[in-house]
Amino acid sequence: MKSKKVRVLAIPYAVWIVGFTLIPLMFVLAKAVTSPAGGFTFDNLLAIFDPVNRKSLILSLLLAFISTVMCILISYPVALILKSSKIKNKKILMFILILPMWMNFILRILAVQMLLSKNGIINHFLTMAGLSPINIINTPYAIVFGMVYDYLPYMMLPVLNCILAIPDDIIEASRDLGANRLTVLRRIIIPLSLSGIGSGITMVFVPSMTEFVIANILGGGKIQLLGNIIEQEFSVTMNQHLGSGLSVTLMIFVLLTTLLFGRHEDTNKGFVL
Amino acid sequence: MIGKTLRKIYIGLVILFMYAPIIVLIVLSFNNSRSRVVWGGFTLKWYSALFSSSSYMNAFYTTIILAVLSAGIATVIGLAAALGITAMRKRNIQIMLFFTNIPLVNADIVTGIALMLWFVRFLPLGFMSVLVAHVTFNMPYVILCILPRLDAMDMHQFEAARDLGAGIRYAFWKVMLPDLMPGIFSGFFMAATMSLDDFVITYFTKGPGVNTLSTKIYTEIRKGIKPEMYALSSILFLLVLIILILINVTGNNASRSINKTIEEK
């Protein structure tokens, strides 16, 4: 099959990549280094150091970091519990834990808004129980809640896959050799699950950092993440050059995350099937 | 014993966290009262309101057509690409995989903006531009689903068929394709769900006239939540659930029949 005839089959795809992935990215880069008047400039790239943009970048990184850590803290124990339990329906339980991933993203945010809003369900129960209602909607806390809710399955999936794939023999062997539970966790399970956590981090951190929809709906438009600022440059302010410059900055952070923590393993979704 | 109960409670709490919002939406879709917290009796009126709303139904049809078309096109081009890529030299394979990963790694907002900046030069923003955008981000999923299957495939069978006189096409249809079917199927299915789920890229490439369910709901949420949206959520949830269960059942059958043939050997 190593014939030229077969290789030719990849040509339509190669053309598509050039036409709709590479050229569009070149356009962003070109816009990023030119001014609306047409001259070459670094202003759009340096705009990230403006106080407003810098503040939103820091907030984006901070919220994405908190959300990612919370997703790890929630899903890791789930994976450990599933690993040690002897129930037969592990597959079904895993299916249940990952199913929300397939629910429409906007609808899930809508659902969170229903829970958190001022006269929402959580506050209703709180007042019924005689407690004072909480005002978390339109705050960064609501955004973190939304991010954790939305992206938890993306952490759950690689972490579960990775930990459940550790052979029981290895764990038994180390127990036989005298390791206690903590040692097994520290010396075997955690090191062997690092790749899963890594791809989970990429799959949660990158979308949370580049997010603008959750911030718009749960932050009430008051909290500006970097994604919101970029979106507004294209829909409201119409300064495409500045928007492109900030997008390039965002891309650099995405690349750094991917390089540090490993590949996006969205294709893992296939394993649920 | 206490440890076991605690573990069960923990798993239960996580599942509650994940499902409570969805269940609330489903319950509210049958609530006769507009209130979020008062139960006003059972009703189906939000469902009938949903089905009689032409803008929601148009968005629904657009979403479905877009998902099927974009996944279909991506599967055809992606399958051809996967076949071509496996026949390449190692270095070229790595180059192709690098480019395939770009849309996966890149932030959706950047992909959306990049496509929009490019489209406005030659393609009016509308259904076609959204379709091209969806095919673009769908193809990597298809390719990454099919490539491992191709790698694991026993090429001797194909060669045997050729030696026994089958033409390339005949051998491909009769020997290779059936082997690749599970990969093609899951590639198509993943592409379709990615398309169904996408908001950000559609938002930037759609232009004013077209709406998918995601963009429609986004505009509506900002105006205020209507109970029809609860009905829509429930229907979508049920739809996804049915598709996933169907896939799991047929998927298991496929793997079972594969195991069976292995045993028979």
Side-chain angles (χ1 to χ4, degrees), chain A residues 1-3 6-10 12-13 16-17 20-21 23-25 27-28 31 74 77-78 81 85 96-97 99-100 102-108 110-112 114-115 119-121 124 149 152 206 210 212-213 217 227 230-231 234 240 243-244 247 250-251 254 258 264 266-267 269-270 273, chain B residues 7 10-11 14-15 18-19 21-22 24-25 36-37 77-78 80-81 83-85 87-88 96 99 102-110 113-115 117-118 132 136 139 141 144-145 155 158 186 189-190 193 196-197 199-200 204 213-214 217-218 221 225 229 233 236-237 240 244 247-248 251:
Chain A
M1 284 290 278
K2 299 254 173 211
S3 65
V6 181
R7 284 202 289 270
V8 165
L9 287 172
Y13 177 62
W16 197 292
I17 291 180
F20 298 109
T21 302
I23 293 179
L25 283 179
F27 263 83
V28 175
K31 288 244 173 191
I74 295 173
V78 171
I81 292 171
S85 84
I96 292 174
L97 286 166
L99 177 67
W102 304 84
M103 275 281 291
N104 190 292
F105 162 74
I106 300 277
L107 285 179
R108 279 184 288 154
L110 169 72
V112 172
M114 306 276 321
L115 283 186
N119 42 12
I121 290 144
H124 178 70
Y149 181 71
L152 183 61
V206 169
T210 58
F212 68 93
V213 184
I217 295 177
I230 295 175
E231 190 248 332
F234 284 93
Q240 298 188 339
S244 299
S247 301
L250 200 64
M251 245 158 50
V254 171
T258 319
H264 205 276
D266 245 9
T267 40
K269 258 190 171 181
L273 302 181
Chain B
R7 285 172 190 185
Y10 182 77
I11 300 258
V14 171
I15 291 177
M18 291 174 119
Y19 284 88
I22 298 172
V24 166
L25 281 182
R36 288 176 199 175
V37 286
I77 301 179
L83 291 169
I85 289 172
M88 289 176 182
M96 290 302 278
F99 286 123
I102 292 178
L104 292 181
V105 171
N106 210 346
D108 280 357
I109 186 171
V110 180
I113 287 168
L115 282 168
L117 289 177
W118 176 223
V132 173
T136 307
M139 282 191 303
Y141 293 105
L144 293 180
C145 278
M155 279 315 226
F158 180 79
S186 57
F189 185 71
M190 266 189 61
T193 37
L196 282 178
D197 198 45
F199 167 77
V200 175
F204 282 108
L213 280 177
S214 297
I217 294 167
Y218 180 68
I221 291 181
I225 299 174
M229 280 147 77
S233 318
L236 282 182
F237 182 68
V240 169
L244 283 182
I247 295 282
N248 267 296

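Predicted, not measured: the structure shown is a model, and the values here were computed from it. Every chain is numbered from 1 and lettered A, B, ... according to where its sequence line falls, protein lines coming before strand lines.
- Between chain A and the options M96(B), M229(B), M139(B), heavy-atom pairs under 4.5 Å are most frequent for M139(B).
- For S244(A), the part lying under 4.5 angstrom from a heavy atom of chain B is the side chain only.
- Only the side chain of I109(B) comes within less than 4.5 Å of a heavy atom of chain A; its backbone N, CA, C and O stay farther away.
- Listed by chain and number, the residues in a side-chain contact (heavy atoms from CB on, under 4.5 Å) with M251(A) are L25(A), N106(B), V110(B) (sequence neighbours excluded).
- For the atom pair CD1 (I221(B)) and CE (M114(A)), the distance works out to 10.5 Å, reported to the nearest 0.5 Å.
- In this structure, CG on L97(A) lies 7.0 Å from OH on Y19(B), to the nearest 0.5 angstrom.
- Between R7(A) and A87(B), the shortest heavy-atom contact is NH1-O, 3.2 Å.
- If you take CG on L25(B) and CG on L110(A), they are separated by 5.5 Å, rounding to the nearest 0.5 Å.
- Listed here is the closest heavy atom pair of V200(B) and F212(A): CG1-CE2, 3.9 Å.
- No hydrogens or angles considered: a donor-acceptor pair under 3.5 Å links the side chains of N104(A) and S214(B).
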Kindly determine whether V28(A) and L117(B) satisfy side chain to side chain contact (heavy atoms under 4.5 Å, CB included), including the steps that lead there. CA-CA 7 Å; V28(A) 175; L117(B) 289 177; 4.1 Å; yes
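- Annotation: maximal heavy-atom pairing with chain A below 4.5 Å, among F204(B), F237(B), F199(B), W118(B), occurs at W118(B).
- Contacts of I96(A) with chain B are made by both backbone and side-chain atoms, with heavy-atom separations under 4.5 Å.
- Looking at F234(A), only its side chain comes within 4.5 Å of chain B, counting heavy atoms on both sides.
- With respect to chain B, the highest number of heavy-atom pairs below 4.5 Å among G120(A), G227(A), P77(A) belongs to P77(A).
- Using a 4.5 Å cut-off between heavy atoms, I217(A) touches chain B through its side chain atoms alone.
- When all heavy atoms are compared, the tightest approach of P21(B) to A111(A) is CB-CB, 3.5 Å.
- Of the listed residues V14(B), L236(B), I22(B), I113(B), the one with more heavy-atom pairs under 4.5 angstrom with chain A than any other is I113(B).
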What do the steps show when you test D197(B) against W102(A) for side chain to side chain contact (heavy atoms under 4.5 Å, CB included), and what is the final call? CA-CA 8 Å; D197(B) 198 45; W102(A) 304 84; over 6 Å; no
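- Between W16(A) atom CH2 and T136(B) atom OG1 the span is 5.5 Å, to the nearest 0.5 Å.
- For the atom pair CG of L107(A) and CD1 of I217(B), the computed distance is 4.0 Å after rounding to the nearest 0.5 Å.
- Looking at Y10(B) and I74(A), their side chains come closer than 4.5 Å, going by heavy atoms from C-beta outward.
- For L99(A), the parts lying near chain B are the backbone and the side chain together; criterion is any non-hydrogen pair under 4.5 Å.
- Highest contact tally toward chain B, considering only L250(A), I23(A), I17(A), is held by I23(A) [criterion: heavy-atom pairs under 4.5 Å].
- Between I11(B) and V78(A) the shortest heavy-atom distance is CD1-CG1, 4.0 Å.
- The minimum heavy-atom distance linking V254(A) with A107(B) is given by the pair CG2-CB, 4.1 Å.
- Across V112(A), N119(A), I121(A), the residue that shares the most heavy-atom pairs under 4.5 angstrom with chain B is I121(A).
- Of all heavy-atom pairs spanning M18(B) and Y149(A), the tightest one is O-OH, 2.8 Å.
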